[in-house]
Participant: 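Before I ask anything, here is the structure I am working with.
Hydrogens, waters and symmetry mates play no part in the numbers below; they use all other heavy atoms, side chains included. Order of the sequence lines sets the chain letters (A, B, ...), proteins ahead of strands, with each chain counted from 1.
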Amino acid sequence: MSEEKSLNFLEEIVENDLNNGKYKSIITRFPPEPNGYLHIGHSKSICLNFGLAQKYGGSTNLRFDDTNPITEDTEYVESIKEDIKWLGFNWSNEFYASDYFNQLFEFALTLIKNDLAYVDDSTSEEIAHLKGTPTEPGKDSIYRSRSIDENLQLFIEMKDGKYKDGEKVLRAKIDMTHTNMLMRDPIIYRIKHAHHHRTGDKWCIYPMYDFAHGQSDSIEKITHSICTLEFIPHRELYDWLIEKLNIFPSHQYEFARLNMTYTVMSKRKLLQLVEEGHVSGWDDPRMPTISGFRRKGYTPLSIRNFCEKIGVAKRENLIDLSLLEFCLREDLNNTAKRAMVVLDPIKLIITNYEDGKTEELHSENGPDENMGTRAIPFSKELWIEREDFMEVPEKKWFRLTPGSMVRLKSAYIVKCESFEKDNAGNVKAIHCTYFPDSKSGNDTSGITVKGTIHWVSVPHAKTAEVRMYDRLFKVENPAAEEGDFKDYINPHSLEIIPNAYIESSLTNATLDDRFQFIRKGYFCLDKDTTKDKLIFNRTVTLKDTWSKVKG
RNA sequence: UGGGUUAUUGUGUAAAGGUAGCACUACAGAUUUUGAUUCUGUCUGUCUAGGUUCGAAUCCUAGUAACCCAACCA
């Protein structure tokens with residue numbers, strides 16, 4: 001045992017509970033409501049819940065919190081399951097709060113029989129009014145003193161569909177003057193004549209979150225029910241219900257949710273971006289959804305590592321996007337296949353190279369020798385990046401400029417002799433000479449150059465569309481800015497290059513491949529790709545100190 | 001004017017009365033057939049004011065700030 005990584009507060013709680021014999025093993029759960037897509041914030045919760053169970057030899061249930069039939073749908077259930085699997089986690093059981101509707105109904109009857117719940121006929125306005133405010137106590141409803149028998153009868157009638165939506169609710173009888181607003185006789189059942197994605201039309205009353213979540217935890221014997229900070233006030237009610245129902249004592253613990261720079265995380269805001277067409281959908285590569293990151297080319301490992309690195313605590317946080325990108329590059333640098341792609345082409349002509357000749361050169365596929373090499377054709381005319389030539393070089397420039405020499409990656413050293421301009425004054429072509437004895441791998445020229453640039457042979461080049469994604473927002477914390485968060489959308493978050501020149505090996509790319517386009521960034525194939533048109537997404541740029549040098 | 005939660009460097013996160021550490025970012029340098037990677041180095045921090053103590057991020061007292069709570073949402 002050398003140095004041990006210090007534990008986060010949840011691990012401490014678990015270790016304590018295990019060491020003092022409170023539990024023999026732990027059970028956690030990940031409890032999404034199937035009313036939207038999972039985002040990077042959820043992956044923190046997923047990594048926590050599954051990670052804790054993995055670390056301490058317990059198990060984790062996937063439980064859908066589907067108590068509101070109006071907003072929920074199986075479409076979301078499927079996407080949530082796909083995302084969790086993609087992240088690399090397996091749940092022990094797939095459960096639904098709706099599995100427990102019968103049991104929950106029984107629990108409600110128990111409360112009523114113990115005079116701990118009553119049916120209230122008030123309107124929602126009346127209930128809100130009598131509830132008071134955080135600084136003023138509430139007042140009892142006139143229905144609060146109904147007899148147990150009457151409550152029993154009314155509640156059963158509610159279930160039997162005798163009443164319309166909103167006509168009656170079932171409330172826990174606690175304390176209308178409680179300092180915790182949630183303890184002022186919270187509503188635990190409401191009437192909704194709505195079709196449920198799993199139970200169909202069997203029920204017209206549905207339990208509220210507070211009367212479903214803790215009870216479901218208890219039914220599943222969840223030992224550690226982990227949720228985000230905003231549920232802290234619910235814990236008192238969570239505990240009250242478990243105590244009054246005398247059921248398995250699950251415990252709730254809260255951690256601070258993830259916030260990240262240059263994006264928004266609330267479901268409401270994400271929905272707006274989708275519905276108003278600021279992005280192409282939930283899986284748009286600019287979205288912070290798991291499906292968005294996946295499509296953009298992120299790897300599950302990078303997201304898991306990120307969740308590990310950000311830690312778990314109880315204070316509000318705003319994590320630098322650069323940490324996520326660091327984790328991504330760390331993974332991709334080791335695994336991505338290298339390829340040469342010219343995004344903004346300009347022609348380079350090697351004047352002393354034989355017309356019509358093609359040479360087969362070899363280039364390494366990655367940093368690990370086991371990744372091997374691949375053949376690349378070389379010829380007299382090459383596409384190179386427009387930005388790799390400067391007519392008048394700036395300070396510290398070591399790419400092409402009249403008279404300078406650079407190495408063509410995995411090929412020869414060339415010297416810039418001259419260049420052509422078109423009528424508009426734009427550089428059209430660059431003329432170079434090459435040094436035949438500088439061939440990559442057996443260079444006997446003795447020439448050393450500072451710069452190496454990538455290229456694609458003109459007659460062998462294929463084309464592809466490349467989608468260059470950038471951060472969705474211009475500011476670090478759009479949600480905290482004045483006015484509408486959408487005013488801060490980055491207008492350049494997507495720039496499409498319709499015809500980039502790619503090396504021919506890329507035509508065999510699959511959706512699972514990850515590439516580094518040398519000197520340009522990490523890329524992956526997009527699902528919009530067709531047989532006739534390849535489409536690549538930029539996953540993330542390479543770190544670029546040069547752009548900082550030149551400012 | 002109530003209740004709850006939280007304050008450690010630019011951003012996160014450790015230190016359970018005993019050297020304020022780690023990571024990211026940023027910056028500088030070395031290596032480099034990717035201005036990448038890798039390596040080395042640098043980087044003004046314990047919310048404030050008192051107190052206890054040989055010694056306080058940690059304990060006590062009083063403040064301050066931020067966030068959450070008044071959905072028949074979760």
Side-chain angles (χ1 to χ4, degrees), chain A residues 5-8 12 31-33 35 65-68 70-72 97 120 122-124 127-129 131-138 165-171 178-184 187-192 205-206 208-210 212-213 227-236 254 256 261 267 309-327 329-330 333-334 338 340 363-364 367 396-399 406-411 413 438 440-441 443 448-454 476 516-521 541-550:
Chain A
K5 197 171 172 291
S6 56
L7 303 176
N8 65 48
E12 275 184 22
E33 183 188 12
N35 70 343
D65 236 335
D66 57 348
T67 57
N68 185 358
I70 312 276
T71 57
E72 296 154 5
D120 195 327
S122 309
T123 64
S124 62
I127 289 176
H129 182 251
K131 197 156 203 171
T133 69
T135 55
E136 299 163 73
D165 289 11
E167 262 184 35
K168 287 179 165 49
V169 291
L170 184 69
R171 294 229 253 170
H178 205 287
T179 52
N180 181 350
M181 297 289 290
L182 275 152
M183 298 296 275
R184 321 241 261 230
I187 292 168
I188 57 178
Y189 259 99
R190 77 290 214 189
I191 300 170
K192 274 183 196 282
I205 57 170
Y206 293 93
M208 296 285 289
Y209 165 83
D210 286 299
H213 200 101
C227 60
T228 47
L229 252 28
E230 66 269 27
F231 289 95
I232 288 177
H234 293 254
R235 189 175 61 227
E236 198 170 10
E254 310 87 7
T261 54
K267 222 175 243 182
K309 278 186 206 285
I310 58 178
V312 191
K314 299 188 82 149
R315 69 170 137 150
E316 296 288 337
N317 57 73
L318 183 64
I319 311 273
D320 269 343
L321 173 62
S322 55
L323 180 59
L324 211 209
E325 294 185 336
F326 167 81
C327 295
R329 293 187 182 111
E330 188 182 39
N333 178 52
N334 292 326
R338 309 294 129 131
M340 294 205 279
S363 190
E364 72 278 9
K396 290 195 176 176
W397 177 260
F398 50 79
R399 278 119 89 165
V406 297
R407 175 172 292 282
L408 297 168
K409 171 74 182 168
S410 299
I413 292 174
S438 67
S440 183
D443 182 350
T448 56
V449 292
K450 201 82 191 290
T452 299
I453 65 172
H454 60 281
E476 283 204 334
Q516 185 197 99
F517 292 175
I518 288 178
R519 304 206 303 135
K520 294 275 83 175
T541 59
L542 255 28
K543 262 184 77 178
D544 184 2
T545 41
W546 167 245
S547 68
K548 283 172 198 154
V549 170
K550 69 178 181 182

Participant: Just by protein heavy atoms under 4.0 Å, how would nucleotides 66-72 of chain B read 5' to 3' in B, S and -?
Facilitator: -SSSB-B
Participant: For B:C22 versus B:A14, give the span between their C1' atoms, rounded off to a whole number of Å.
Facilitator: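 To the nearest whole Å, 7 Å.
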Participant: Would you check if A:T452 and A:R519 make a side-chain contact, meaning some heavy-atom pair closer than 4.5 Å?
Facilitator: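 A side-chain contact under 4.5 Å is absent here.
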Participant: Would you kindly give the NZ-to-P distance between A:K520 and B:G35, to the nearest whole Å?
Facilitator: 10 Å
Participant: Figure out the CD/C1' separation between A:E476 and B:C24, and round it to whole Å.
Facilitator: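 After rounding, the reported distance stands at 13 Å.
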Participant: Any side-chain heavy atom of A:I127 sitting closer than 4.5 Å to one from A:R184?
Facilitator: no
Participant: Could you state the atom-to-atom distance from CG of A:N8 to P of B:G12 in whole Å?
Facilitator: 17 Å
Participant: Counting the atoms with a prime plus P, OP1 and OP2 as sugar-phosphate, which does A:S440 contact under 4.0 Å by heavy atoms, base, sugar-phosphate, or nothing?
Facilitator: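 The answer is base, as A:S440 lies within the cut-off (heavy atoms under 4.0 Å) of a base atom.
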Participant: When rounded to the nearest Å, what value does the distance between C1' atoms of B:A23 and B:A74 take?
Facilitator: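 Between the two C1' atoms, the distance is 34 Å.
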Participant: By ring pair (Phe, Tyr, Trp, His ring centres under 6.0 Å), which residues pair with A:F231, not counting sequence neighbours?
Facilitator: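 For A:F231 the ring pair (Phe, Tyr, Trp, His ring centres under 6.0 Å) partners, ignoring immediate neighbours, are A:Y209, A:H234.
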Participant: Can you check the A:I453 CD1 to B:U32 C1' distance for me, whole Å?
Facilitator: 17 Å
Participant: Counting side-chain heavy atoms from CB outward, which of B:A74, B:G12, B:U34 is closest to A:I310?
Facilitator: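 The listed nucleotide nearest to A:I310's side chain is B:G12.
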Participant: Under the side-chain hydrogen bond (donor to acceptor under 3.5 Å, both in side chains) test, which residues partner A:T228, sequence neighbours left out?
Facilitator: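 A:T228 satisfies side-chain hydrogen bond (donor to acceptor under 3.5 Å, both in side chains) with A:E230 only.
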Participant: Measuring only the C1' atom in each nucleotide, how far is B:U48 from B:A66? A whole number of Å is fine.
Facilitator: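 Those two atoms are separated by 15 Å.
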Participant: Roughly, in whole Å, what's the span from CG in A:L323 to C1' in B:A26?
Facilitator: 15 Å
Participant: Over how many whole Å does the gap from A:N317 atom CG to B:G12 atom P extend?
Facilitator: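 Going from A:N317 (CG) to B:G12 (P), I get 6 Å.
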Participant: Contact class for A:E12 (heavy atom, under 4.0 Å): base, sugar-phosphate, or nothing?
Facilitator: base
Participant: List in chain and number order the residues that pass salt bridge (Lys or Arg N to Asp or Glu O under 4.0 Å) with A:K543, two or more places apart in sequence or in another chain; answer none if no residue qualifies.
Facilitator: none
Participant: Restricting to side chain to side chain contact (heavy atoms under 4.5 Å, CB included), what partner residues turn up for A:K450, sequence neighbours left out?
Facilitator: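 Side chain to side chain contact (heavy atoms under 4.5 Å, CB included) check on A:K450 returns A:F398.
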Participant: Between the side-chain atoms of A:R399 and the base atoms of B:G35, is any donor-acceptor pair under 3.5 Å?
Facilitator: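 Indeed, a donor on one side and an acceptor on the other fall under 3.5 Å apart.
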Participant: Could you check whether any side-chain heavy atom of A:E236 comes within less than 4.5 Å of a side-chain heavy atom of A:L182, counting everything from C-beta outward?
Facilitator: no
Participant: Nearest nucleotide by nearest heavy atom, which residue falls closer to the 5' end of RNA chain B, A:T67 or A:K409?
Facilitator: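 The residue whose closest nucleotide sits nearer the 5' end is A:K409.
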Participant: Could you list the residues that satisfy salt bridge (Lys or Arg N to Asp or Glu O under 4.0 Å) with A:E33, not counting sequence neighbours?
Facilitator: none
Participant: Name the nucleic acid region contacted by A:T71, choosing base, sugar-phosphate or nothing; use a 4.0 angstrom heavy-atom cut-off, strictly under.
Facilitator: nothing
Participant: For A:K450 and B:U33, what is the distance between atoms NZ and P respectively, to the nearest whole Å?
Facilitator: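 My rounded result for the distance is 11 Å.
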Participant: Using the P atom as the point on both nucleotides, what is the distance between B:U46 and B:U37, in whole Å?
Facilitator: 32 Å
Participant: Which part of the nucleic acid does A:G138 contact within heavy-atom distance under 4.0 Å: base, sugar-phosphate only, or nothing?
Facilitator: nothing
Participant: Is there a donor and acceptor pair closer than 3.5 Å between the side chain of A:R407 and the base of B:U33?
Facilitator: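 For A:R407, whose side chain was compared with the base of B:U33, there is a donor-acceptor pair (under 3.5 Å).
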Participant: Give A:V312 one of three labels, base, sugar-phosphate or nothing, depending on what nucleic acid heavy atoms sit under 4.0 Å from its own.
Facilitator: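 Sugar-phosphate, no base atom in range.
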Participant: Could you tell me whether A:I70 contacts a base, only the sugar-phosphate backbone, or nothing, with contacts defined as non-hydrogen atoms closer than 4.0 Å?
Facilitator: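 Contact class for A:I70: none.
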Participant: For A:T545, what residues pass the side-chain hydrogen bond (donor to acceptor under 3.5 Å, both in side chains) criterion, not counting sequence neighbours?
Facilitator: none
Participant: Should A:Q516 and A:I518 count as side-chain neighbours, where that means a heavy-atom distance under 4.5 Å?
Facilitator: yes
Participant: Which of the following nucleotides, B:A74, B:G12, B:U5, is nearest to the side chain of A:E72?
Facilitator: B:A74
Participant: Using a heavy-atom cut-off of under 4.0 Å over every strand shown, decide if A:K548 touches base, sugar-phosphate, or nothing.
Facilitator: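 Since only primed, P, OP1 and OP2 atoms lie under 4.0 Å of A:K548, the category is sugar-phosphate.
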Participant: Quick one: which of B:U5, B:G12, B:C73 gets closest to the side chain of A:N68?
Facilitator: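 So the nucleotide nearest the side chain must be B:C73.
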Participant: Give one of base, sugar-phosphate or nothing for A:F398, where a contact means two heavy atoms less than 4.0 Å apart.
Facilitator: base
Participant: Do A:L229 and A:E316 come close enough that some side-chain heavy atom pair is under 4.5 Å?
Facilitator: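 Contact flag for A:L229/A:E316 side chains = yes.
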Participant: What residues, two or more places apart in sequence or in another chain, satisfy salt bridge (Lys or Arg N to Asp or Glu O under 4.0 Å) together with A:E364?
Facilitator: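 So A:E364 forms a salt bridge (Lys or Arg N to Asp or Glu O under 4.0 Å) with A:K409.
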Participant: Counting distance alone, no hydrogens or angles: does the base of B:U34 have a donor or acceptor under 3.5 Å from a partner atom on the side chain of A:T452?
Facilitator: no
Participant: Between B:U61 and B:U52, how far apart are the two P atoms, rounded to whole Å?
Facilitator: 15 Å
Participant: Side chains of A:L318 and A:T261: does their closest heavy-atom pair fall under 4.5 Å?
Facilitator: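 They are in contact (side-chain heavy atoms under 4.5 Å apart), so the answer is yes.
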Participant: Please measure how far the P atom in B:G18 lies from the corresponding atom in B:C60, and state the result in whole Å.
Facilitator: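 The same atom, P, in both gives a distance of 15 Å.
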Participant: What are the atom names and distances for every N/O pair under 3.5 Å that joins the protein to nucleotides 36-40 of chain B?
Facilitator:
{"unit_1": "B:A36", "atom_1": "OP1", "unit_2": "A:T545", "atom_2": "OG1", "d": "2.7"}
{"unit_1": "B:U37", "atom_1": "O2'", "unit_2": "A:N333", "atom_2": "ND2", "d": "2.8"}

Participant: How far, in whole Å, is B:U9 from B:G3 if one measures between their P atoms?
Facilitator: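 It comes out at 29 Å once rounded to the nearest Å.
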Participant: Could you tell me how far B:C27 sits from B:G10 if I compare only their P atoms? Round to whole Å.
Facilitator: 16 Å
Participant: Applying salt bridge (Lys or Arg N to Asp or Glu O under 4.0 Å), can you list everything that pairs with A:R171, at least two apart in sequence or on another chain?
Facilitator: A:D120
Participant: Using atom CD1 of A:I232 as one end and atom P of B:G4 as the other, report the distance to the nearest whole Å.
Facilitator: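 Roughly 12 Å, once rounded to whole Å.
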Participant: Based on Watson-Crick and G-U pairs with both distances under 3.5 Å, what dot-bracket line describes RNA chain B 5' to 3', crossing pairs as [ ] and inter-strand pairs as |?
Facilitator: .((((((..((((....[..)))).(((((.......)))))....(((((..]....))))))))))).....
Participant: Using the test side-chain hydrogen bond (donor to acceptor under 3.5 Å, both in side chains), find all partners of A:D443 that sit at least two apart in sequence or belong to another chain.
Facilitator: A:R407, A:S445
Participant: Regarding A:H234, tell me which of base, sugar-phosphate or nothing describes its non-hydrogen contacts under 4.0 Å with the strands shown.
Facilitator: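 Base: the residue A:H234, judged by heavy atoms under 4.0 Å, touches a nucleobase.
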